[in-house]
Asker: 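Attaching a single structure in structure tokens format; questions to follow.
Quick note on labels: first sequence line is chain A, next is B, and so on, each numbered from 1.
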Amino acid sequence: MQNGKEKIKITFPDGSVREYPRGVLPETIAKDISPRLAKEAIAAKFNGRVIELNRPLTEDGEIRFLTFEDPEGREVFWHSSAHLMAQAIKRLFPGAKLAIGPPIEGGFYYDIELDRPLSTEDFEKIEAEMARIVEENYPVVRQVLSREKALELFKKLHEDYKIELINDFPDEQEITAYQQGEFIDLCRGPHVPSTGRLGKHFKLLNVAGAYWRGDEHNKMLTRIYGTNYPKKKMLEEHLHRLEEAKKRDHRKLGRELDLYSIQESIGNGLILWHPRGARVRRVMEQFWIEEHYRHNYELVYTPHVAKLDLWERSGHTSFYRENMFDTMVMDEVAYQLKPMNCPFHITIYKTHLRSYRDLPIRLAELGTVYRYERSGVLHGLMRVRGFTQDDAHIFCTPEQLTDEIVKVLDLVIYVLSTFGFKEYEVYLSTRPEKYVGTLENWEAATNALRNALEVKGLDYEIDPGEGVFYGPKIDIKIKDVLGRSWQCSTVQVDFNLPERFDMEYIGEDGRPHRPIMIHRALMGSLERFFGILIEHYAGAFPLWLAPVQVVLLPIADRHHEFARQVYQRFREAGIRVELDDRNEKVGYKIREAEVKKVPYMVVIGDREVADGKLAVRHKGEGQLGNLDPEELLQRLLQEIANKS
RNA sequence: GCCCACGUAGCUCAGUCGGUAGAGCACAUCCUUGGUAAGGAUGAGGUCACCGGUUCAAAUCCGGUCGUGGGCUCCA
């Protein structure tokens with residue numbers, strides 16, 4: 001009896017090959033390689049499929065062991081953790097019905113129907129039960145079930161949601177369940193080989209309502225979020241990161257640094273920019289305006305309301321109605337608060353007969369729009385009802401399209417990186433099922449976007465079918481200091497509006513042609529981008545953005561006069577300077593300036609007045625020694641000019 | 001919009017069993033003129049989100065409204 005039947009060949013990532021008896025378990029192989037690997041392995045990747053460590057191997061193949069370091073390993077670990085939590089909950093709440101429990105970024109959740117609301121006090125009990133299940137170390141066993149068997153099983157368990165899932169499975173799908181102790185769950189898997197592998201460094205984080213299948217017409221389930229790590233230190237780091245994020249929360253910093261507020265008396269989702277926030281915004285706007293003129297855009301202003309007819313023509317009343325404020329009627333004419341700027345820019349285009357020689361025409365506007373967002377989705381500056389888009393519309397010929405998109409991408413990256421965002425995730429969204437325009441146009445536009453990305457050498461992913469109905473688009477997400485990504489920039493090609501508004505230009509051939517339109521935003525919304533900036537910098541803005549760049553701290557009254565001279569000189573030079581001449585000790589003033597995250601502090605006492613110098617302290621770098629006022633001023637102006 | 005939680009002074013938060021409100025910070029006045037993250041004293045500040053109900057009595061219990069927070073497919 002030779003190999004072929006009894007032995008299988010296993011190939012390892014380094015190319016080496018070993019023979020094992022048929023039916024060998026991955027965990028046996030792992031042990032064979034090293035005890036450490038066996039201990040750290042969570043699952044295995046065998047011939048490209050992730051499988052559990054206790055599934056027998058019956059054919060030759062390539063194997064790679066997945067640990068917590070691998071994203072796929074982490075998913076398995078968290079998925080199993082979700083099962084662990086579900087088992088604990090089923091023990092404590094026998095009537096609970098399980099819906100779905102997937103791994104997510106940084107942990108897992110499980111949607112469960114419970115007969116009473118769950119409070120965070122229940123967490124301790126559930127966690128204790130989870131620890132017990134880990135202790136009991138049940139093997140996690142995979143079972144393949146026939147549809148009938150599966151239905152029978154979950155009917156017996158009164159798991160209505162699982163039954164619904166099974167019934168929706170396509171015929172050819174293999175139905176599997178995983179059992180650990182008394183607990184069995186419909187699941188695709190894979191999972192860790194036993195509950196003991198999940199360790200004790202887990203934590204339930206929060207509860208929230210979530211609709212079954214995300215549909216608000218369905219029943220609301222209780223979603224419990226949790227996380228789990230193989231090492232205590234990793235859990236602590238995760239919790240620390242959550243704390244950090246909380247400290248950076250723009251809503252908290254916005255209040256503490258007196259940047260903006262949202263008042264009940266004004267309306268939710270409507271922002272009051274306080275003087276300090278307004279200073280930052282003004283810098284953002286000025287930078288944006290200068291760059292747009294430099295990049296051959298023309299800036300325009302358009303009104304906040306327009307006749308409803310305009311929005312009917314643009315189609316917004318049919319496809320965007322639920323996001324629009326109610327229409328108002330004046331003198332029997334219906335007006336609409338604007339949710340978008342595009343129809344205005346188109347109307348400006350149409351005030352002349354355009355020649356191909358005029359194109360491209362680039363119209364930009366910091367346009368304030370109002371959109372009705374459901375109250376539950378509003379969130380600080382991130383999701384609001386009134387906001388200012390850094391909007392522009394480029395009208396061009398088909399031949400110019402690629403070139404224009406490349407220019408937009410250049411500008412996007414220049415602007416984002418100046419604000420300190422150097423990492424991007426780029427997505428190209430292609431034609432959705434419902435679309436307008438011809439297939440040739442879609443093809444050409446998608447190619448133009450793709451070519452532009454290639455020219456720029458940007459890595460991107462394709463989001464199939466995620467384009468807007470009127471054209472394909474590129475979305476750019478930025479990554480902040482905490483590694484979170486935020487979608488800000490978007491570049492969208494539009495075939496629809498030029499058609500609806502019957503836009504044209506006269507071509508070289510003397511005949512009218514339809515221009516192509518590009519919608520684009522770099523920051524997206526000033527409000528949201530400001531919120532992201534606050535969190536990215538934790539409120540400690542770089543000098544060029546800081547609402548207060550320098551604060552002067554005279555020690556005693558007799559130093560006030562010199563301080564005032566310096567104040568005036570800096571103010572005239574365009575520095576955002578403040579003079580703290582309150583009757584307080586210098587330590588107190590420094591503390592306050594530190595708390596308010598002012599980059600430069602200048603202490604002025606007897607010595608400084610005597611030799612006409614300034615004792616400079618930098619927020620990050622500490623004391624910089626004594627500088628001549630002009631010297632400091634030049635240093636500041638230089639640093640501001642560098643935008644660093 | 002929906003589910004859950006929450007709403008007390010400008011901010012952060014106490015407030016027991018229903019008996020008419022408290023701290024720290026901030027603010028004002030005074031003392032202090034002090035050299036790199038909080039000097040001291042005194043004082044002013046609240047229709048306890050709003051409306052209604054139960055009660056001799058409501059910040060507290062009940063209902064509603066408004067607002068805030070977490071979340072509402074990353075499909076077993």
Asker: Would you indicate what A:H379 reaches in the nucleic acid, counting non-hydrogen atoms under 4.0 angstrom: base, sugar-phosphate, or nothing?
Answerer: sugar-phosphate

Asker: Taking the side chain of A:V595 as heavy atoms from C-beta outward, which of B:U36, B:A37, B:A26 is closest to it?
Answerer: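 Selected nucleotide (nearest to the side chain): B:A37.
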
Asker: If the glycosidic angle is within 90 degrees of 0 it's syn, otherwise anti, so just tell me which one B:G45 is.
Answerer: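 Glycosidic conformation of B:G45: syn.
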
Asker: Name the closest nucleotide to the A:R558 side chain, picking from B:C74, B:A76, B:U33.
Answerer: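 Selected nucleotide: B:U33.
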
Asker: Taking the same atom, C1', in B:G19 and in B:G15, what whole-Å distance lies between them?
Answerer: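 14 Å, rounded to whole Å.
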
Asker: So A:H316 and A:F319, would you call those rings parallel, tilted or perpendicular, with 30° and 60° as cut-offs?
Answerer: tilted

Asker: P atom, B:G64 versus B:G1: distance in rounded Å?
Answerer: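 These two P atoms come out 15 Å apart once rounded.
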
Asker: Within the 4.0 Å heavy-atom criterion, would you say A:A615 contacts the bases, only the backbone, or no part of the nucleic acid?
Answerer: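 A:A615: base contact, heavy atoms under 4.0 Å.
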
Asker: With the side chain of A:A208 defined as its heavy atoms from C-beta on, choose the nearest nucleotide among B:G71, B:G35, B:G67.
Answerer: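 Closest of the options to the side chain of A:A208: B:G71.
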
Asker: Using a 4.0 Å heavy-atom cut-off, does A:E322 contact any base of the nucleic acid, only the sugar-phosphate backbone, or nothing at all?
Answerer: nothing

Asker: Side-chain donor or acceptor of A:E608 under 3.5 Å from a matching atom on the base of B:G35?
Answerer: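 Looking at the base of B:G35, it does pair with a donor or acceptor on the side chain of A:E608 (distance under 3.5 Å).
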
Asker: Would you indicate what A:G587 reaches in the nucleic acid, counting non-hydrogen atoms under 4.0 angstrom: base, sugar-phosphate, or nothing?
Answerer: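 Answer is sugar-phosphate: A:G587 comes under 4.0 Å of backbone atoms only.
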
Asker: Within the 4.0 Å heavy-atom criterion, would you say A:D557 contacts the bases, only the backbone, or no part of the nucleic acid?
Answerer: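 Counting heavy atoms under 4.0 Å across all strands, the contact made by A:D557 includes a base.
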
Asker: What's the closest nucleotide to the side chain of A:V377 if the choices are B:A38, B:C72, B:U36?
Answerer: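 Nearest to the side chain of A:V377 among the choices is B:C72.
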
Asker: State the pairing partner of B:U20; accept Watson-Crick or G-U wobble contacts with both distances under 3.5 Å, and report none otherwise.
Answerer: none

Asker: Distance check: side-chain N/O of A:R255 vs OP1/OP2 of B:U12, anything under 4.0 Å?
Answerer: yes

Asker: Test your reading of the model: is there a side-chain donor-acceptor pair from A:S80 to the backbone of A:V192, 3.5 Å cut-off?
Answerer: yes

Asker: When you compare B:U73 with B:C56, how far apart are their P atoms, in angstrom units rounded to a whole number?
Answerer: 50 Å

Asker: Across the strands shown, which category fits A:R374 at heavy-atom distances under 4.0 angstrom: base, sugar-phosphate, nothing?
Answerer: base

Asker: From C-beta outward on A:I555, which listed nucleotide comes closest to its side chain: B:G34, B:G39, B:C27?
Answerer: B:G34

Asker: What does A:L186 touch in the nucleic acid at a heavy-atom separation under 4.0 angstrom: a base, only the sugar-phosphate, or nothing?
Answerer: base

Asker: Can you classify the ring geometry of A:Y537 versus A:F541 as parallel (below 30°), tilted (30 to 60°) or perpendicular (above 60°)?
Answerer: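 It falls in the tilted class, 30° to 60°.
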
Asker: When rounded to the nearest Å, what value does the distance between C1' atoms of B:A41 and B:A37 take?
Answerer: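 After rounding to an integer number of Å, I get 23 Å for this pair.
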
Asker: Say you pick atom P in B:G46 and the same atom in B:C6; how far apart are they, in whole Å?
Answerer: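 After rounding to an integer number of Å, I get 27 Å for this pair.
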
Asker: Tell me what A:Y161 touches on the nucleic acid: a base, only sugar-phosphate, or nothing, going by heavy atoms under 4.0 Å.
Answerer: nothing

Asker: Going by purine N1 to pyrimidine N3 plus the second Watson-Crick contact, or the G-U wobble pair, all under 3.5 Å, which nucleotide sits opposite B:G46?
Answerer: none

Asker: Nearest of B:A76, B:C27, B:G35 to any side-chain atom of A:I175?
Answerer: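 For the A:I175 side chain, the nearest candidate turns out to be B:A76.
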
Asker: Look at the side chain of A:K585 and decide which nucleotide, out of B:C75, B:G35, B:G34, has an atom nearest to it.
Answerer: B:G34

Asker: Within the structure shown, what part of the strands sits under 4.0 Å from A:T222 by heavy-atom distance: base, sugar-phosphate, or nothing?
Answerer: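 Result for A:T222 = nothing.
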
Asker: Choose from B:U33, B:C75, B:A76 the nucleotide whose nearest atom is closest to any side-chain atom of A:R188.
Answerer: B:A76

Asker: Contact class for A:D111 (heavy atom, under 4.0 Å): base, sugar-phosphate, or nothing?
Answerer: nothing

Asker: Which nucleotide wins on minimum distance to the side chain of A:I590, given the candidates B:U33, B:A76, B:A37?
Answerer: B:A37

Asker: Tell me which nucleotide among B:G70, B:G1, B:C75 gets nearest to the side chain of A:Y211.
Answerer: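 Among the listed nucleotides, the one closest to the side chain of A:Y211 is B:G1.
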
Asker: Determine the contact category for A:G101: base if any of its heavy atoms lies under 4.0 Å from a base atom, sugar-phosphate if only primed atoms, P, OP1 or OP2 are that close, otherwise nothing.
Answerer: sugar-phosphate

Asker: Classify the nucleic acid contact of A:V603 as base, sugar-phosphate or nothing, counting any heavy atom under 4.0 Å across all strands shown.
Answerer: base

Asker: Check this for me: does any side-chain nitrogen of one of A:E584 and A:R591 sit under 4.0 Å from a carboxylate oxygen of the other?
Answerer: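 A salt bridge is absent here (no side-chain N lies under 4.0 Å from a carboxylate O).
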
Asker: Any side-chain donor-acceptor pair under 3.5 Å between A:H560 and A:D581?
Answerer: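 There is no such pair between these side chains.
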
Asker: On RNA chain B, compare the nucleotides closest to A:R591 and A:G267; which residue's is nearer the 5' end?
Answerer: A:R591

Asker: Please say which of A:V566, A:V602, A:L579 ends up in a side chain to side chain contact (heavy atoms under 4.5 Å, CB included) with A:P554.
Answerer: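 Going through the options one by one, the only one that passes is A:L579.
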
Asker: Please check if the side chain of A:Q549 supplies one atom and the backbone of A:L543 the other of a donor-acceptor pair under 3.5 Å.
Answerer: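 Yes.
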
